[in-house]
Amino acid sequence: MRLGVLGGTLDPVHLGHLAAAHAAARALALDAVWLMPSHVPAHKAAPTASPWHRFAMAALAAADDPLLAASDLELARPGPTFTWDTLQALAARGHAPSQIFFITGVDAFAGIETWRRFPDVLEAGNFVVVSRPGHALPEAVRQHPAVAPRLRAAPAHGGADLAISEGFCAIWLVEADTPDVSSTDIRQRVLTGQEVGAVVPASVAAHIRRHGLYTPTPAARRLHGEN
Ligand code: ATP
Ligand code: MG
């Protein structure tokens, strides 16, 4: 089973994430992609939805899509999220590193040198680096001695030499037309009363509305008496 994992704070999940998941699956013949919300790092800006709401939205986004499922693997683990730990956990469950494909946008992968256990993390799974409007992979990352030998182009519609993935973890570059959307922009739009129905699945837009997410006093917090 060739398993894709799309991690991130997913606060909220949006059409850019889904497009990246599908582009990676098409290019690399993945059998499934798990949307995997992470804990929110301390430096991320509020207001942010709780882990439960972020997971709920990932599950809604996956509901009608046979490729996708939501995974609670990172949220179930206490403390900050490190991809290294996630890849180890998947290996412990019997997924061979060469059959795991950790999907990121180029903006996220640009920081790979700062990730826990770099460069070993590059041997713990394949990475799929999907293009994102307005971002490019910095030359310094591309030419890093731990990165450069693993880089492979993955044609958007498949046909990459997948045989090399037998026992080897590559960094696959996928050029895809993902929409120019970010969760930051969506949170800002909700805060200022704008529609987000065009950039998240309809079920996710309804969830945000129903629960008053990304507004100063979310309805769910009022229900819990937290204001
Ligand atoms: P934020 O603005 O809060 O950082 P985001 O839109 O960047 O949100 P994340 O949860 O940070 O979303 O992203 C999760 C992963 O999805 C990252 O690897 C990111 O690069 C990737 N990603 C997000 N949006 C896109 C997009 N439009 N195209 C390609 N990759 C994307
Ligand atoms: Mg981001």
Side-chain angles (χ1 to χ4, degrees), residues 4-28 30 33-51 53-62 67-68 70-75 80-84 86-87 100-116 118 121-122 125-138 141 154 156 171-192 194 196 198-201 204-205 208 213-214:
V5 173
L6 191 141
T9 50
L10 310 182
D11 187 23
V13 65
H14 55 64
L15 297 188
H17 298 131
L18 304 185
H22 277 275
R26 226 173 11 248
L28 291 154
L30 305 182
V33 176
W34 291 354
L35 304 175
M36 191 178 285
S38 62
H39 291 282
V40 175
H43 56 82
K44 273 234 169 179
T48 170
S50 72
H53 278 301
R54 290 185 290 113
F55 181 85
M57 293 187 282
L60 286 169
L67 177 71
L68 304 176
S71 167
D72 62 1
L73 188 66
E74 290 188 348
L75 293 178
T81 296
F82 296 105
T83 297
W84 168 261
T86 303
L87 296 174
I100 302 173
F101 294 78
F102 192 83
I103 303 163
T104 77
V106 277
D107 61 308
F109 192 80
I112 188 69
E113 287 172 71
T114 68
W115 290 25
R116 172 161 288 195
F118 176 85
V121 68
L122 299 175
N126 291 271
F127 283 73
V128 186
V129 182
V130 181
S131 57
R132 181 171 186 177
H135 299 272
L137 196 59
V141 176
I171 301 166
W172 300 95
L173 300 176
V174 175
E175 287 298 326
D177 242 344
T178 64
D180 190 6
V181 190
S182 77
S183 299
T184 300
D185 178 52
I186 292 167
R187 294 192 297 273
Q188 188 57 30
R189 284 200 216 181
V190 174
L191 192 60
T192 56
Q194 297 172 64
V196 295
V199 286
V200 299
V204 171
I208 292 171
L213 303 184
Y214 310 119

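No experiment lies behind these values; they were computed from the predicted model shown. Atoms within a ligand are numbered from 1 in the order they appear, just like the ligands themselves.
Pairing each heavy atom of I103 with each of A21, the nearest pair is CD1-CA, 4.4 Å. Scanning both residues, A20 and T178, for their nearest heavy atoms gives N-CG2, 4.0 Å. Between P12 and H17, the closest heavy-atom pair is O-CE1, 3.7 Å. When all heavy atoms of A58 and L35 are compared, the closest pair comes out as O-CD1, 3.8 Å.
Near D107, with a cut-off below 4.0 Å to any heavy atom, the atoms of ligand 1 are 19 (C), 20 (O). Against a heavy-atom cut-off of under 4.0 Å, G7 is close to the following atoms of ligand 1: 14 (C), 15 (C). Using a 4.0 Å cut-off to heavy atoms of T184, the atoms of ligand 1 that qualify are 1 (P), 2 (O), 3 (O). Residue-ligand proximity, S182 to ligand 1, at heavy-atom distances under 4.0 Å covers atoms 2 (O), 6 (O). Contact atoms of ligand 1 toward G8: 10 (O), 14 (C) (distance under 4.0 Å to a heavy atom of the residue). Applying the 4.0 Å criterion to heavy atoms of T104 picks out, from ligand 1, the atoms 18 (O).
Not close to ligand 1: D11, with no non-hydrogen atom less than 4.0 angstrom away. Note on ligand 1: A23 sits outside its first shell, no heavy atom being nearer than 4.0 Å. Residue-ligand proximity: R187 is placed with a non-hydrogen atom under 4.0 Å from ligand 1.
Ligand 1 has an N or O atom lying under 3.5 Å from an N or O atom of T178, backbone or side chain. On a distance-only criterion, H14 and ligand 1 share at least one N/O pair closer than 3.5 Å. Considering backbone and side-chain atoms together, G105 places an N or O closer than 3.5 Å to an N or O of ligand 1. Between P179 and ligand 1, at least one pair of N/O atoms sits closer than 3.5 Å. In terms of polar-atom proximity, defined here as any N/O pair under 3.5 Å, I103 makes no such contact with ligand 1. An N or O contact shorter than 3.5 Å links H17 to ligand 1 by distance.
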Checklist entry - Please walk me through it: do F127 and V121 pass side chain to side chain contact (heavy atoms under 4.5 Å, CB included)? => result CA-CA 10 Å; F127 283 73; V121 68; 4.0 Å; yes
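Contact check for L6 versus M36: no side-chain heavy atoms found under the 4.5 Å cut-off.
By the criterion of a heavy-atom distance under 4.0 Å, the backbone of S131, and not its side chain, is placed next to ligand 1.
Rounded to the nearest 0.5 angstrom, L87 CG and R116 CZ are separated by 13.0 Å.
For atom 22 (N) of ligand 1, the nearest non-hydrogen atom from the set R132, R54, M36 comes from R132.
In this structure a side-chain-to-backbone donor-acceptor pair under 3.5 Å is present from R54 to A49.
For CD of E175, the number of neighbouring non-hydrogen atoms (other residues, nucleotides, ligands) closer than 6.0 Å is 12 at most.
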